[in-house]
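Worksheet: one structure, shown below.
The basis for the numbers below is simple: all heavy atoms, side chains too, and nothing from hydrogens, waters or symmetry mates. So that the names make sense, note that chain A is the first sequence line, chain B the second, and so on, each numbered from 1.
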Amino acid sequence: MPPIPAAVPLSWYLVLSAVLFSLGVAGFLFRKNIITVFMSIELMLNAVNLSFIAFSYHLKQVDGQIFSFFVMVVAAAEAAVGLGIILTVYKNRSTLEIDEINSMKN
Amino acid sequence: MHQLWLIPVFPLAGFAINGLIGRKSSKNVVNAVAIGSVLLSFLWVLKALSAMGLFGAGMPEEAHIERYFTWIQSGNLNIGFDFAVDRLSAVMLLVVTGIGLLIHIYATGYMAHEGGYYRFFAYLNLFMFFMLVLVLAANYLILFIGWEGVGLCSYLLIGFYFDKKFAGDAGKKAFIVNRVGDFGYSLAMFLIVTNFGSLDFGKVFEAAKAMPVDQGAGIFTAICLLFFVGAAGKSAQIPLYVWLPDAMAGPTPVSALIHAATMVTAGVYMIARSSALFVHAPIAMDVVAIVGLATAVMAATIGLVQNDIKKVYAYSTVSQLGYMFLALGSGAFAAGMFHVVTHAFFKALLFLGAGSVIHAVGGEQDLRKMGGLRTKIPITFATIICAALAISGVPFTSGAASKDEILIAAYHHAPWMYWVGVVTAGMTAFYVFRSVFMAFFGTYRGKAHPHESPLTMTGPLMILAVLSLAGGFIPLPHFLEPMFPKVLEESEKWLEYTAVASGLLGIALAYLFYVASPSLADAASKNFNGLHKLLYHKYYVDEAYDASIVEPIVQGSRSVLWKGFDSGLIDGTVNGIGHRAMNIGGALRRLQSGNIRSYAAWVVLGSIAVIVAMGLTGSIR
Amino acid sequence: MDVPLFLLFAFIAVASAISLVVQTHPISSALSLVGVMVSLAVLYLLLGAEFIAAAQIIVYAGAVMVLFVFVIMLLNAGTEHKSSKSPMVKWFGIPLFAVFIGVISFSVQGMLPKSEPVVFGAFTQGGPLEVGRALFTVYLLPFEVTSILILIALIGAIVLARKEI
Amino acid sequence: MNLLDILIAVPFIGFTAVMLLPKSNAGAAKMIALVIALAIFVGSLALIGPVAASKGEWQFVTNVNWIQVPGLLPGEGIKYHTGMDGISLWLVLLSTFLTPIAMLISWNSVTDRPKEFFAFLLLLEFGLIGVFVALDLFLFYTFWEICLVPMYFLIGIWGHDRRIYAAVKFFLYTMAGSVLMLAAILYLNFKTGSFDYPVILNLLASGKVPLTHIEQTLLFLAFFLAFAIKVPLFPLHTWLPDAHVEAPTAGSVMLASVMLKMGTYGLVRFCLPLFPNAARQNAGWIVALAIIGIIYGALVALVQPNMKKLVAYSSVSHLGFVVLGVFSFTQMGLDGAVYQMLNHGISTGALFILVGYLYERRHSLEISAYGGVATAAPWLATVFLITTLASIGLPTLNNFIGEFLVLQGAAEVNFQWTVFAAIGVILSACYMLWMYQRTFFGLMPGQTADAGHGHSAGHSHGPAGHSHDPGHDHPHDHGHDHAHGDDHAHDAHSHWHMPDLSLREWVAIVPLLVLMVWMGMGSQSFLPSIGVATARTLEQSKSNIEYQVKIPSAVPQQTAPLTEAASAR
Amino acid sequence: MPVNYIPTGTEYFRFLPEIILTLVATAVMMLEPVIGQRHRSVLPNLSLAGLFAALWAAVVAYSNPGPAFHDMLLIDGFSTFFRVLVIIVGILVVFASGQYLSREKAEAGEYHALLLFSIVGQCILASANELMMVFIGIEISSIASYILAGYLRDDKRNNESAIKYFLLGSFATAFLLYGVAWIYGLTGSTNLTEIRRILNTREIAPSLALVGTSAALMFVGFAFKVSAAPFQVWAPDVYQGAPVPVSAFMSAGPKAAAFAVFLRVYMTAFEPISDRWAPIIWISALLTMIVGNFAAIRQQNIKRMLAYSSIAHAGYVMVAVTCHSSIGTAAAMFYLASYAFMNVGAFAVVTHFARQGEQYLQIDEMAGLAKRQPATAALLTIFLLSLLGVPLTGGFFGKFYVFKAALDAHLVWLTVLGLLNSAVAAFYYLRIIVVMYMHEPGEATESLQPLGPGLKTAIWISALATLILGIFPAHVLNFAGRSADLMMK
């Protein structure tokens, strides 16, 4: 057990970001509800944002934050469109099971 | 210039005219064209030869050469379309045009009521053209034109009755067996070009003569043996003789002209022509002599028991050709050529006579269904007897003169050959007279009403009869002597006597068996049943060829090469590649399961691979 | 102070994220995601990104997640079925995940070795003023262009939701 | 813009024009296409003079820039560079000669979409002429591939039952080979910076661009494979029988007569001069394959029940001679090979045309469906016979000269090659005559022996059965009902629909017959101009070696493979 | 950080195409409720006008090349090439869509607006010189495409296509974004030119392993967008499910734009670490060709087959990318241009043939098309032959040039394998030709109506362009070459 440092090393933030990103990936892989899957993507974006802000801190620049701001905007827009698409899928198939959406294959 | 090209061109024109318009022309027109063209050709031969001094001062020993145009020119090989006449070709020219003319005349009578009349004469004229080209050729390749061309005409004429399967078969067989011979001939040509750089007779022989005899023996032997393969094909020697008996499927004038008098002797002519090469190849000479002799014996034995009159004469032809090769192989080229000429007379006569007989008895060819025709067709009978005497070597006939020369030469070459030859001569006399006795003596066993043939047929018979009897007095060997390397010759009289005696014995035996006491013949065939059967079935050579060559090739090609290799292996592989591609495609499609989470897993897998490859391995490196 | 705060909220974030992944009901997942977002907002603050932290709460945890919850409610989405029609994930999902997290974390922990540790208040350029100024000067173009994105979202919503086309 | 350019352009313009004609007036489309094709042929005759008079330099050269991208395509880029020598001349003439004939023979037999059919023939002509005159590798490849397309359609649309399989097989086989050739062209460009054939040749031959041994071998093989598939060389030939059998007559004619020559032409034009070392080193097994092909093709042809397949396999055999000649590296061999290309074009083309005539009459390609045709259609039989004889190499007809020269050329190098190859000549007689006999001789199917030959039964004696029906040799027995003469066959078998040649059919076949004889007797009309070109090819395929032996000192790193290559000789 | 920023006129001028397209798209949207049902045909015409104007603007913008908006954009030959290309694709798709939309009773202004917006995104991608613009550009282009893919929202296939595209697209974009974050952290910049400068400067260059990893993460995103293996999985399903004109659009426009940005990022920013990524792209290129070509062999659905073929073609372009030379870049540019035409053309014919509800999509149903509509069949044949790579078509010259570039870059094996692959492609392209020309017309063919004017225009333009690019490629190639040279300097 390494001693707990007085201040948080930046790499901890980055590892946290990596872990959250991976968990997002895991959510995409293992969840079967489309909405949850979509939320996993949001989780991944959030993880990326954390990285941006951590780097921004490291570089003492605001640019990273601006980037994460745009990611947020994009995520919001994506959410609107994505949920719209999910709604139409549900209207047509009455299911949100991701595994049921496989009429086109091979 | 003697305009030699006109000699073959006359019959070619005859062929063209009859071929193009003969179908719609009357028989008289066809006759006029066919006979006229050959007659013109014959006359032109006489004119050209007399201009060269044949009938006067004597022909010069040098060849008269006429060059027309370059036929093939590639690299340093130049082959001209050249004709040449020397003593050797002069003899052949006379024989071909002379006998050809007679047979054309005969055929107008014989074929008078056959379908395809114009076609027959067109082919016959075409044959004359090619045969004359063969004889006139000044180099091996022009000779080859004639060589192949006569083969073609032979094919066409044998298969003249093409709606009969056996006729077509026989024609095809003739052509293909000849092709085997041509294979040898062309290989010999290739060797000549490679070694001498030319195909011109003059140049090649010049070069060959300049060489000492012992030098280049290997190459000479190879060339000569290959030429002999060619000659064996064309002149029906072992092992390529099988086509000639079948060739009797053609109309009888064809058998007389092509398969007795002219074409089949082309091989002899060619080897005589190449004598300058052969003297450098003693081994090849031996082979020629032995094969010739063996052919003579074998064909004669078969001839002993055949019942089809044309078959008998066909085997007789094979046998006589064997004699000629025996002569060539013994170095007696002039004797060989002499026999070519005399044989042309008496064998043409035999066939034409046989045709007349067949004609008389309504198409019957089986000797057992003839008999007693002596009185019914006397002219035919008389002329056939002349021919039979000649072939049997009865003294003072043409056959005796040439055959004796051959046997003497053989004796000097190797005495045992002489003795075998003498025995064969006896057999020859036996089977020829057997056929004569069976046909003309005793009582008539057939159903038709025999009648004598018209003058168009008997006329040529009579001319040929005269030639058969008197042909021996033509001083041909002497005439040809300068053409060939010298052979020392000390004639011993007893050799001639033995040969004559053998012939007479054969005649006597035939008389005994077939006229005096016919039951003896049956008894003999019963006593020697196995032998008889063997001979009757021609030693089963056809069957053996079928089983050992034809069938394996056909079956092997079909089941192994075509079905097995071509369709099976190659196409199988090609289609297999196609199927493999399809299968890969099928497998790759299945990766595309349609499931979003699986797709995501692929993305994750890919990203891991890419990260590891681009990032981590780089850092480890 | 930084360390406990970081550890606490990092823990909350990871726990909520794990919860998002393992919960089978979408509502639970959505709430877990809100947890992640809120704790991330705290971490943003620690990193000196005040404006972004606020936006995170307002835009993300507020607006976006409400949208999610709304849709979940609207569709009355229930617990997932236990079906697994993806053999790829079934057999390779967990190994893939393990390798992936390993590779990413391994890469990232070696990054920026010389960086100074994070001290709250050491970087103060993340306020609305600085962010706003950046947005309207250097990042004017992206800022304006994102409006197109919003327009598209708008049209998209219309296209996908309205009655007849 | 010289004559050659016009001759290339006109077929393409014709293709476009005919395609754009309204569907309703097929007759006009056919006539226009034929007129265009004839005009091209007449025009192409004017090519002969200058080429024949030349001393081996390119004639009718057009060399203009086509695709120039400075910086990206180094050197001069891709050029429209065409020109002809004695080899290309005759192949171009072969193409222009056969196209109108192909149209003539399809005049009535193509009823489905005739406009497109004739247009595709023009497109094919365009590609073929281009292939034979292209002097830029890119241009060559372009024309090479263009030829594929119309032929693919000709087979696929107007072919017989399994046409689609055959068409696709044809396309894929060729494609597989040509992509490797493309790779080789690109590699050559990479090394030399040019697509221009004379330029590349010069660079390679002068040693300015040295190729290592392995490079040269691989490049050679890439080119060779493409050409060998097209030839086709055993064992890459299996597309050919299928393509031929399924193709319509005109397709078979163009395919066999001209398209196969693309492969052999490529060998002569590109494989030998560009990669002389590799060509010579690999000549051994290539010749072996050629000879196997000669014999194999003949043997398989022997047992084919289908006429077109038989002719197709005979092509495999005949083309083996060409390859043998090419890889004998002798003047005679090359002359013979080029001549044989033309001969094969004429005689096999004629064979396909005649088989097509038969097919139009009886709608079968099976030999067994025929018999006794000579009785019903004597002229057809005669023409067929002449063609058969040409095909089996009868002297005075064309094939003989080619075969003779090839075999002679081979004999100069290795007599054994000649021995084996000459076996193919024997076999060619076997399969052709056998087919001829079964098709034209004998009785017609369904006709019994008794019907035509009242008293033949019982007279056969002797195992070979070559005894005679007595009637045939009997001049006086004229009352019987025999049908062996063609004269009275028509009435006897009127139910058998086998009319003799029509005027249109005569017009299509007679030029070929004339050429057979002309090329057989008057080879001097052709061989000198061929000889000049082949002599140069031969020279080029030699000079390179000498240069490369000298080179090593200048290019040290290449020393090892080069000396190896040189010492291997 | 500047306190004040007012863009200059030049900067607006360089951004003019995007502005025009945005305004027109908005106008289309606004007009729709105003004009009512009857005059809806105004909308596509307006979009076309906008596209042509944008085309003009893109061309004239090149007269004054240079950066804009703080280096966010870089207008150079490369960007102009791709802007022009995507706008032309847009024009063709608008032409091709009219009939489809009226047939499906979906002639809404939104369709055109979305199309135009998507093109805006692609234009931004083409000229982006900043990872932020790359991200936003990708998102604009993609989100619009997501909606377009699911445009007929009552159609199950459309939904499925949209959801698949959306979820997987966002998933991949997250990877891309993560990579951007890393590269930002490592270099402190998101400007491509700047990143390249830093990576090239030995003293300040960060750990190249980590740069490699971030390049890898970004590769995931780009490879997904261009459908390169192993990230190609989505493409067949999405192309198959989307409305045909949209499939045409997606396989041409966004793909070209994605390749543009892929090329720009890897040829400029990541050029210094090319020895790391080149082998990966080598493998990816090969896999892409193999997967695309082989999987296409067995397809029955023509849309799906074209989707696989589009994967295969991405593989060829990847070969050009592998070269990382200016000639390779030029080859990729040229290839994408010719591919866009032939593919849009092919899809346009499918649009025509599919009829209402896309009921005729099986390859076998095209039987005998050549008999009923010879012109249509001939045009489709031109496209297919071009896709197959027969000379005198753009597809051939593109392929030729790609492999030439590969050989120049010493990629001998890739060249050989790629060319063999292109022979495999003959398998499935020929099948369509076989069916059209060599089979008897079936029910589907018999009931086919004549080609509408819009589709006709689109198809003829595509065909002409395909042939012109095949016969006279020099101008386009010249331009591509010079731009590529300039960009990579």
Counting only non-hydrogen atoms closer than 4.5 Å, does [X] touch chain E with its backbone (N, CA, C, O), its side chain (CB onward), both, or neither?
X        : value
A/Leu87  : neither
A/Phe28  : side chain
A/Ser40  : neither
A/Ser17  : both
A/Phe21  : side chain
A/Ala75  : neither
A/Ile101 : both

For [X] and [Y], which heavy atoms make the closest approach, and how far apart are they?
X        : Y        : value
E/Val180 : A/Phe67  : CG1-CZ, 3.4 Å
A/Ser51  : E/Tyr178 : OG-CE1, 3.5 Å
A/Met44  : E/Ala174 : CE-CB, 3.6 Å

**Request:** Give a yes or no answer on whether the side chain of E/Tyr184 reaches the backbone of A/Gly64 with a donor-acceptor pair at less than 3.5 Å.
**Result:** yes
**Prompt:** Can you pull the side chain to side chain donor-acceptor pair (under 3.5 Å) pairs that have at least one residue in residues 19-34 of chain A, sequence neighbours excluded?
**Reply:** A/Arg31-C/Glu80
**Asked** Can you list every salt bridge (charged side-chain N to carboxylate O under 4.0 Å, His left out) pair that touches residues 296-306 of chain E, not counting sequence neighbours?
**Response** E/Asp237-E/Arg304, E/Lys303-E/Glu358
**Prompt:** Pairs in or reaching into residues 35-46 of chain A: which pass salt bridge (charged side-chain N to carboxylate O under 4.0 Å, His left out), with residues at least two apart or in two chains?
**Reply:** none
Calculate, to the nearest 0.5 Å, the distance between atoms [atom1] and [atom2] belonging to [X] and [Y] respectively.
X        : Y        : atom1 : atom2 : result
E/Met132 : A/Phe69  : CE    : CZ    : 10.0 Å
A/Asn92  : E/Asn158 : CG    : CG    : 9.0 Å
A/Ser103 : E/Lys156 : OG    : NZ    : 7.5 Å
A/Asp63  : E/Asn191 : CG    : CG    : 10.5 Å

**Request:** Please test A/Glu78 against E/Tyr146 for side-chain hydrogen bond (donor to acceptor under 3.5 Å, both in side chains), starting from the C-alpha separation and ending with a verdict.
**Result:** CA-CA 10 Å; A/Glu78 231 178 40; E/Tyr146 300 153; 4.9 Å; no
**Prompt:** With a 4.5 angstrom heavy-atom cut-off, which part of E/Thr190 approaches chain A: side chain, backbone, both or neither?
**Reply:** side chain
**Item:** Residue selection (most heavy-atom pairs with chain E, distance under 4.5 Å) from A/Val37, A/Val71, A/Ile86, A/Leu45
**Value:** A/Val71
**Request:** Considering only heavy atoms, give the residues of residues 159-169 of chain E separated from chain A by less than 4.5 Å, sorted numerically, with 'none' for an empty result.
**Result:** E/Asn159, E/Glu160, E/Ser161, E/Ala162, E/Ile163, E/Lys164, E/Phe166, E/Leu167, E/Leu168
**Heavy-atom pairs under 4.5 Å with chain A, option from E/Val238, E/Ile136, E/Leu177 with the top count** = E/Leu177
**Prompt:** Aromatic ring centroids of E/Phe135 and A/Phe70 under 6.0 Å?
**Reply:** no
**Message:** Do E/Leu186 and A/Phe55 have side chains that approach each other closer than 4.5 Å (heavy atoms only, starting at C-beta)?
**Reply:** no
**Prompt:** Would a 4.5 Å heavy-atom cut-off, applied to side chains only, mark E/Trp182 and A/Leu14 as touching?
**Reply:** no
